[in-house]
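Below: one structure, written as structure tokens.
Order of the sequence lines fixes the chain letters, A, B, ..., with proteins taken first and strands second; residue numbering starts at 1 for each chain.
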Number of protein chains: 2
Amino acid sequence: MQTGDQELVKKINKSIVLQTIQASSPISRAQISKDSGLNKATVSGLVNELMEEQFVQEIGTGLSSGGRKPVMLYFNKKAGYAIGIDLGVNYILAVLTDLQGEVIEKIEEPLENTSLDVVLPMLKNVVQSLMDRKPFSAYGVVGIGIGVPGITDKNGRILFAPNLNWEQVNLKQELEENFQLPVVIENEAKAGAHGENIHGAGKSSRNFVYISMGIGIGTGIIINNQLYKGANGIAGEMGHFTIDANGKKCRCGNKGCWELYSSESALLEQAKSLPSLQEREISLDMLIQEAENGNTEVIPLFHRIGEYAGIGLTNVINTFNPEQIIIGNRLSKLQNWLINPIHHVLEQRLLPYYYQDLSITFSQFGIESCALGSAAFSVEAFFAENKVTVS
Amino acid sequence: MQTGDQELVKKINKSIVLQTIQASSPISRAQISKDSGLNKATVSGLVNELMEEQFVQEIGTGLSSGGRKPVMLYFNKKAGYAIGIDLGVNYILAVLTDLQGEVIEKIEEPLENTSLDVVLPMLKNVVQSLMDRKPFSAYGVVGIGIGVPGITDKNGRILFAPNLNWEQVNLKQELEENFQLPVVIENEAKAGAHGENIHGAGKSSRNFVYISMGIGIGTGIIINNQLYKGANGIAGEMGHFTIDANGKKCRCGNKGCWELYSSESALLEQAKSLPSLQEREISLDMLIQEAENGNTEVIPLFHRIGEYAGIGLTNVINTFNPEQIIIGNRLSKLQNWLINPIHHVLEQRLLPYYYQDLSITFSQFGIESCALGSAAFSVEAFFAENKVTVS
DNA sequence: TATACTTTGTTTATCGGAAAAACAAATTGA
DNA sequence: TCAATTTGTTTTTCCGATAAACAAAGTATA
């Protein structure tokens with residue numbers, strides 16, 4: 001049981017100080033004291049510790065406001081680095097970020113074969129390349145985070161990833177042994193949600209749902225600035241809720257799942273039967289091209305996808321009453337065609353109390369949310385080790 | 001911002017001590033120390049304060065385990081009382097409970113007219129009757145909690161209660177002025193969920209969803225032993241998620257809402273067209289009677305309601321990955337007819353990872369969950385005032 | 001029956017950390 | 001030049017948890 005003692009108090013306050021600096025740097029000790037409510041002396045002491053630990057540095061003096069000039073502090077985001085990877089179904093996107101989540105290096109590789117024998121060596125290569133390119137720093141690379149398109153348990157085991165055709169894969173152990181670094185494995189949508197929460201469109205919301213619209217639909221639920229994982233860590237499979245009780249059979253066992261009507265798969269499937277696209281190679285980018293050229297079959301198709309997105313979102317919103325919905329992953333490219341049908345459906349189907357304070361946003365990072373969120377998981381694990389929490 | 005200081009430490013530890021006593025009374029100071037990890041001296045001090053505040057009392061000595069006999073402590077649940085009310089669509093159920101949630105007095109009255117002019121005086125009467133019957137105690141009645149069938153905002157305002165035909169009602173203010181006691185207003189399903197979490201079937205789960213199957217379907221979401229309310233306090237309207245995108249129009253604006261297929265309304269509506277029940281007054285109790293007598297039209301109807309309950313539950317489970325689902329309110333009386341169809345549908349539609357550790361339970365209190373949960377809200381608010389938290 | 005050992009609960013001493021107060025340093029403005 | 005102000009450190013005080021010592025009350029055993 002977690003009891004209260006001085007250590008806990010210090011951890012709480014040290015976190016407050018560090019977070020204040022991160023959020024408002026450059027900032028003086030005096031200002032931190034005013035913002036946080038902590039005593040000046042307390043702030044001074046904690047700042048000194050953080051400086052010894054290399055997490056905070058003095059940058060010089062600021063402007064006087066009628067007295068002694070303040071010494072400005074900033075968060076030393078270059079004290080260490082993290083690696084974040086989005087293991088997609090047909091690509092690997094890997095980034096090296098600093099402690100603030102800024103991308104320093106980036107590697108993107110296509111994935112033609114998803115068998116573990118192929119993917120694992122590729123992953124190791126990619127990680128090694130990024131490690132080799134890291135700048136010198138106090139703590140070096142502090143961890144590796146990976147977002148995967150499937151459900152994972154609390155120990156980082158991949159239970160089931162249908163689109164990769166994986167079952168029961170212990171990627172975490174494999175990589176930890178190889179690199180001697182802590183590895184975090186999480187579902188791709190959960191990682192994306194976290195990425196948006198820490199660095200992206202969800203920075204100012206405490207309660208939102210991130211909808212990853214890719215090959216399928218995954219979701220990440222942020223409650224009180226924390227990722228909700230559920231009892232076994234597999235909450236958020238809202239792509240598989242029924243929106244048509246007697247609809248098409250889904251691979252998951254259910255019928256009429258949302259993602260059968262509103263996802264990249266659904267889009268490509270439906271595009272196949274458009275007369276104007278017969279005998280052509282169909283891809284997302286190609287459809288976008290067609291729409292931009294004014295193809296009068298593709299545009300209504302996009303609208304229909306948007307309407308079904310709205311129907312699913314109605315469920316999400318009735319369930320969570322979020323401040324915000326963030327739509328990410330590949331279909332966020334369709335933003336311009338989706339946004340109106342979505343709003344139209346929501347206006348029709350939602351009670352006004354749910355709709356009035358709600359904002360529907362598209363991902364700031366497009367496809368990078370997942371890799372950034374994964375890197376952020378590693379950064380947090382590192383800080384937690386150091387008796388500080390950031391988020 | 002909530003900073004860490006000694007006061008916080010004390011509050012945390014005092015809560016731990018009180019909760020340990022509540023959970024394991026009778027218990028000695030030494031045992032509390034072992035269970036909680038707090039030092040003996042710390043426990044002694046905090047227990048003394050709790051005794052001064054009348055929340056804890058010594059009951060005598062226990063058995064020796066080879067040394068000095070322990071002094072046994074218990075939670076003085078009679079130090080105060082709370083009033084909890086379930087404002088149903090056609091009844092008012094009010095209870096007077098002790099601080100542990102044990103029912104001391106109970107009043108149930110039918111409600112023929114839901115206009116505020118009728119309901120408000122009745123409510124006041126019922127509360128006054130319970131107040132008059134309260135035993136003598138240190139703190140008296142500490143608060144009033146009310147569960148209502150509608151959505152409420154964070155200030156206890158009833159925004160919209162379609163079945164009562166209420167909009168924008170400030171019940172809280174009205175009653176607080178009348179009784180000079182703190183009043184908590186909450187949605188009926190949220191209160192029920194809380195009741196089950198504190199005292200009922202959900203006592204041993206940290207993550208569960210309570211499904212209130214009454215005239216409609218409401219839900220209460222418990223995450224980490226806490227009620228999730230959403231951004232505006234109106235999360236959990238899962239009775240209104242679409243399970244048939246092009247289905248019947250619902251009063252909420254949406255189409256194909258779950259509660260149109262699996263609720264008391266849906267049941268009664270469908271029962272009307274059964275040949276064997278023509279020209280008869282149809283009610284829930286009457287249908288149960290028929291089913292018990294082996295009516296071969298009613299039993300399949302119950303099964304169908306169960307199947308649709310299962311379809312909705314699939315969505316709930318894919319979303320939350322809960323440890324437990326608790327089904328309460330009036331349709332919990334149909335437990336014996338619903339449970340098999342529900343399990344059958346879940347087995348078919350859920351991935352095994354969601355199903356394997358999940359338990360589907362029916363409410364321990366039947367219809368009383370809401371009143372008990374409402375009373376519990378008041379008790380907690382009272383303790384929070386006293387620098388202690390219980391839950 | 002005496003004595004050694006255990007367990008319980010209180011008292012005392014110590015320690016860590018926050019806050020308040022005092023102070024030193026740096027700057028502005030009159 | 002000096003008063004007023006702001007910043008940041010040092011000193012003192014206070015609070016609460018913990019550890020250690022102790023007192024009280026029991027059991028077990030020779």
Side-chain angles (χ1 to χ4, degrees), chain A residues 1-18 20-21 24-52 56-74 387-388, chain B residues 1-18 20-21 24-52 56-74 387-388:
Chain A
M1 200 178 295
Q2 169 67 324
T3 62
D5 56 14
Q6 314 253 66
E7 197 184 316
L8 176 70
V9 168
K10 187 164 183 180
K11 184 177 156 183
I12 291 172
N13 291 340
K14 200 164 167 182
S15 301
I16 290 176
V17 170
L18 185 56
T20 308
I21 295 174
S24 317
S25 94
I27 187 172
S28 68
R29 292 169 175 81
Q31 192 60 44
I32 296 172
S33 168
K34 281 174 202 153
D35 287 2
S36 64
L38 290 167
N39 187 280
K40 284 194 299 175
T42 307
V43 171
S44 253
L46 294 173
V47 163
N48 286 343
E49 280 186 29
L50 287 167
M51 284 175 56
E52 270 171 33
V56 167
Q57 290 180 341
E58 293 183 339
I59 198 178
T61 53
L63 295 177
S64 161
S65 61
R68 173 173 163 182
K69 285 183 186 165
V71 178
M72 305 311 273
L73 305 166
Y74 71 99
K387 312 258 180 226
V388 190
Chain B
M1 199 178 294
Q2 169 65 323
T3 62
D5 56 13
Q6 313 260 57
E7 196 184 316
L8 176 70
V9 169
K10 188 166 182 179
K11 184 177 158 183
I12 291 173
N13 291 338
K14 200 164 167 183
S15 301
I16 290 176
V17 170
L18 186 56
T20 307
I21 296 174
S24 317
S25 92
I27 188 172
S28 68
R29 291 169 175 81
Q31 192 61 45
I32 296 171
S33 169
K34 282 175 202 153
D35 287 3
S36 64
L38 290 167
N39 187 280
K40 284 195 300 176
T42 308
V43 171
S44 254
L46 294 173
V47 163
N48 286 343
E49 280 186 28
L50 287 167
M51 285 176 57
E52 270 171 35
V56 167
Q57 290 182 339
E58 294 184 342
I59 198 177
T61 54
L63 295 176
S64 160
S65 60
R68 173 174 164 182
K69 284 182 186 167
V71 178
M72 304 311 273
L73 305 165
Y74 71 100
K387 311 258 178 226
V388 191

Is there a donor and acceptor pair closer than 3.5 Å between the side chain of B:Lys10 and the base of D:dG16?
no
Would you kindly compare A:Gly66 and A:Gly45 by the position of their nearest DNA chain D nucleotide and give the one closer to the 5′ end?
A:Gly66
Roughly, in whole Å, what's the span from [atom1] in [X] to [atom2] in [N]?
X	N	atom1	atom2	result
B:Leu46	C:dG9	CG	P	15 Å
A:Lys69	D:dT5	NZ	P	20 Å
B:Ile27	C:dG9	CD1	P	10 Å
A:Gln6	D:dC14	CD	P	16 Å
B:Lys11	D:dG16	NZ	C1'	16 Å
A:Leu38	D:dG8	CG	P	15 Å
A:Ile32	D:dG8	CD1	P	9 Å
A:Leu8	C:dG16	CG	P	17 Å

Nucleotide of [options] approaching [X] most closely (side-chain heavy atoms):
X	options	result
A:Ala41	C:dG9, C:dT27, C:dA20	C:dA20
B:Ser44	C:dG9, D:dG16, D:dT9	C:dG9
A:Ser64	D:dG8, C:dT27, C:dA18	C:dT27
B:Asp5	D:dT7, C:dT8, C:dA18	C:dA18
A:Lys40	C:dA19, D:dT9, D:dT18	D:dT9

Does OP1 or OP2 of [N] have a side-chain N or O of [X] closer than 4.0 Å?
X	N	value
A:Asn13	C:dA18	yes
B:Ser65	C:dT7	no
A:Arg29	D:dT9	yes

Sequence neighbours excluded, the answer for salt bridge (Lys or Arg N to Asp or Glu O under 4.0 Å) partners of B:Glu58 is B:Arg29
Show the nearest heavy-atom pair for residues A:Val43 and A:Ser33, with the distance to one decimal.
CG2-CA, 3.9 Å
Between B:Gln31 and B:Asp35: side-chain donor-acceptor atoms closer than 3.5 Å:
yes
Closest-nucleotide 5' rank along DNA chain C - winner of A:Asn39 and A:Arg68
A:Asn39
Under 4.0 angstrom, heavy atoms only, what part of the nucleic acid is A:Val43 near: base, sugar-phosphate, or nothing?
nothing
Would you classify A:Gly4 as touching base, sugar-phosphate or nothing, given that sugar-phosphate means primed atoms plus P, OP1 and OP2, and contacts are heavy atoms under 4.0 Å?
sugar-phosphate
Evaluate B:Thr3 against B:Leu8 for side chain to side chain contact (heavy atoms under 4.5 Å, CB included), listing each step before the verdict.
CA-CA 8 Å; B:Thr3 62; B:Leu8 176 70; over 6 Å; no
Check whether any side-chain N or O of A:Ser36 sits under 3.5 Å from a backbone N or O of A:Ile32 as a donor-acceptor pair, and report yes or no.
yes
Close side-chain approach of B:Leu46 and B:Lys10, heavy atoms under 4.5 Å
yes
